[in-house]
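Just so it is clear: chains get the letters A, B, ... in the order the sequence lines come, proteins before strands, and each one is counted from 1.
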There are 2 protein chains.
Amino acid sequence: MKEKEAYNILVNSGIRPSVQRLAIMDYLLNHRTHPTVDEIFTVLGRKISTLSRTTVYNTLRLFADHHAAQMLTIDERRVCYDGDTRPHVHFLCERCGKVIDLFDEPVPVLTQAREVNGNLVVDAQLYYRGICAECQCKEKYILNN
Amino acid sequence: MKEKEAYNILVNSGIRPSVQRLAIMDYLLNHRTHPTVDEIFTVLGRKISTLSRTTVYNTLRLFADHHAAQMLTIDERRVCYDGDTRPHVHFLCERCGKVIDLFDEPVPVLTQAREVNGNLVVDAQLYYRGICAECQCKEKYILNN
DNA sequence: ATGGGTGCAAAGGATTTGCAACATT
DNA sequence: AATGTTGCAAATCCTTTGCACCCAT
């Protein structure tokens, strides 16, 4: 079933399915860790031994262009991707670098392209930055010891 | 007056004013182009001949950490900075790479740190992406000729 | 056989690091 | 003297590019 899901998303987004593209979309759907190119390359490269970094770069960009995935530029160092295309807030922990989904925060919903001051808005992203619950715990622990 | 403004922002933000820091803050206040490190280095380097790229990197990061300027990660290729710390939307044109301020769009205002699901939110950024008015014009022109 | 897709190696660019020199208190 | 700041060069890391090969239609 799960493999079917990746296939359907690609076809519905107008992307020709290939072995690599299906594997990468499948990875996105099953790992809600907001993976980077490198994470995907490292993990999938073990299964598809010929997989190249270039293909991962090309594929993820293709997904983003076709709105089959969200490209996140919240981390200043590297781009990461989210297979969940529903609008939601992303939180970056400045300590550990983790990206967390926040589904209960209000987001500007952009169901279709919208005009603002003559500019055509195609995509919207709301980013929060701060310190995640886990890292706050660690810091309190260190202070008390 | 203008130089005073840069000075005041630094001191009020708890940043020791140095020649370089004042010049960089002054540049930010007088150029609402969302400059990159390279833009600032190139322009200011002509006045302060010893200025180094490293210092520009360090200084801008310092400003962002002290909330004396906003760090924008809207462009996946490079970080840029905004001297205007009022909350507002940033629009990136995917054609020409320009970043435009949108002050009339609703933004989640974050006057102070806020807790969301145990995570401490310190900063919020709302980014729009699309095609700017100018680039739309150009494209229509090309289509009709 | 044609166009799209992939992989490799090299190049390109942005950012960080290590360290010595310098300024400021 | 001590601390914070700066500058240079080298290193690092992410991403793109050019090109040859391959696969499917």
Side-chain angles (χ1 to χ4, degrees), chain A residues 6-7 10-11 13-27 34-66 68-69 71-81 92 94-95 97 99, chain B residues 6-7 10-11 13-27 34-66 68-69 71-81 92 94-95 97 99:
Chain A
Y7 180 89
L10 294 196
V11 173
S13 306
I15 299 171
R16 298 190 181 187
S18 72
V19 173
Q20 292 86 339
R21 290 173 179 175
L22 285 168
I24 293 171
M25 178 54 78
D26 194 61
Y27 188 92
H34 309 94
T36 61
V37 166
D38 218 62
E39 176 183 333
I40 296 180
F41 171 72
T42 303
V43 178
L44 286 186
R46 288 196 280 263
K47 298 187 176 182
I48 307 170
S49 58
T50 64
L51 184 69
S52 77
R53 244 191 205 83
T54 306
T55 297
V56 181
Y57 273 106
N58 289 340
T59 302
L60 290 171
R61 173 157 305 241
L62 187 74
F63 288 176
D65 288 345
H66 288 248
M71 179 182 69
L72 308 183
T73 61
I74 191 172
D75 186 334
E76 71 203 74
R77 292 152 183 253
R78 72 200 109 251
V79 172
C80 63
Y81 291 86
L92 173 71
E94 291 172 338
R95 293 283 182 277
V99 176
Chain B
Y7 181 89
L10 292 197
V11 173
S13 306
I15 299 171
R16 296 190 182 189
S18 71
V19 174
Q20 292 87 337
R21 289 172 179 176
L22 284 168
I24 293 170
M25 178 54 77
D26 194 61
Y27 188 92
H34 309 94
T36 61
V37 167
D38 218 63
E39 176 183 331
I40 296 180
F41 171 72
T42 303
V43 177
L44 287 186
R46 287 196 281 262
K47 298 187 175 181
I48 307 170
S49 57
T50 64
L51 184 68
S52 78
R53 242 190 207 85
T54 306
T55 298
V56 182
Y57 273 105
N58 290 341
T59 303
L60 290 171
R61 173 157 306 239
L62 187 74
F63 289 176
D65 287 345
H66 289 248
M71 180 183 68
L72 308 182
T73 60
I74 190 171
D75 186 333
E76 71 204 73
R77 292 152 181 252
R78 73 200 108 252
V79 171
C80 63
Y81 291 86
L92 172 71
E94 291 172 336
R95 294 283 183 277
V99 175

If you measure from CD1 on Ile74(B) to NE2 on His34(B), what distance do you get to the nearest 0.5 Å?
9.0 Å
Within the pair Ser18(B) and dT6(D), is there a side-chain N or O less than 4.0 Å away from OP1 or OP2?
yes
So, is Ser52(A) near the phosphate of dG7(C), with a side-chain N or O under 4.0 Å from OP1 or OP2?
yes
Tell me the interatomic distance from Tyr57(B), atom OH, to dT5(D), atom C1', rounded to whole angstroms.
19 Å
Ranking dG7(D), dC13(D), dT16(D) by distance to the side chain of Arg78(A), first place goes to dC13(D)
In whole angstroms, the gap separating C1' of dG4(D) from CG of Asn58(B) amounts to 12 Å
Quick one: Gln20(B) CD to dG4(D) P, roughly how many Å, whole number?
17 Å
Please report the distance, rounded to the nearest Å, between CD in Glu76(B) and C1' in dC13(D).
16 Å
Are any side-chain N or O atoms of Thr42(A) and backbone N or O atoms of Asp38(A), one a donor and one an acceptor, separated by less than 3.5 Å?
yes
Base, sugar-phosphate or nothing for Thr54(B)? Non-hydrogen atoms, less than 4.0 Å.
base
Round to a whole Å and report the spacing from CZ of Arg77(B) to P of dT17(D).
7 Å
Phosphate contact (dG5(C) OP1 or OP2) by Arg21(A) side-chain N/O below 4.0 Å:
yes
Which nucleotide wins on minimum distance to the side chain of Thr50(B), given the candidates dT6(C), dG7(D), dT16(D)?
dG7(D)
Which whole-number value in Å describes the distance from Phe41(B) CZ to dA9(D) C1'?
13 Å
At what distance, to the nearest 0.5 angstrom, does CD1 of Ile40(A) lie from OG1 of Thr55(A)?
12.5 Å
Send over the distance from Ile40(A) CD1 to dT15(D) P, rounded to a whole Å.
12 Å
Can you work out whether Val19(B) or Arg61(B) has the more 5'-proximal nearest nucleotide on DNA chain C?
Arg61(B)
For Thr36(A) and Ile48(B), find the nucleotide of DNA chain D closest to each by heavy atoms; which residue's nucleotide sits nearer the 5' end?
Ile48(B)
Min side-chain heavy-atom separation Ile24(B)-Leu44(B) under 4.5 Å:
yes
Which nucleotide, dG5(C), dG4(D), dG7(C), lies nearest any side-chain atom of Arg16(A)?
dG5(C)
Non-hydrogen atoms of Gly97(A) and Leu92(A) that approach each other most closely:
O-CD1, 3.4 Å
Whole Å only: how far is the CZ atom of Arg53(A) from the C1' atom of dT16(D)?
13 Å
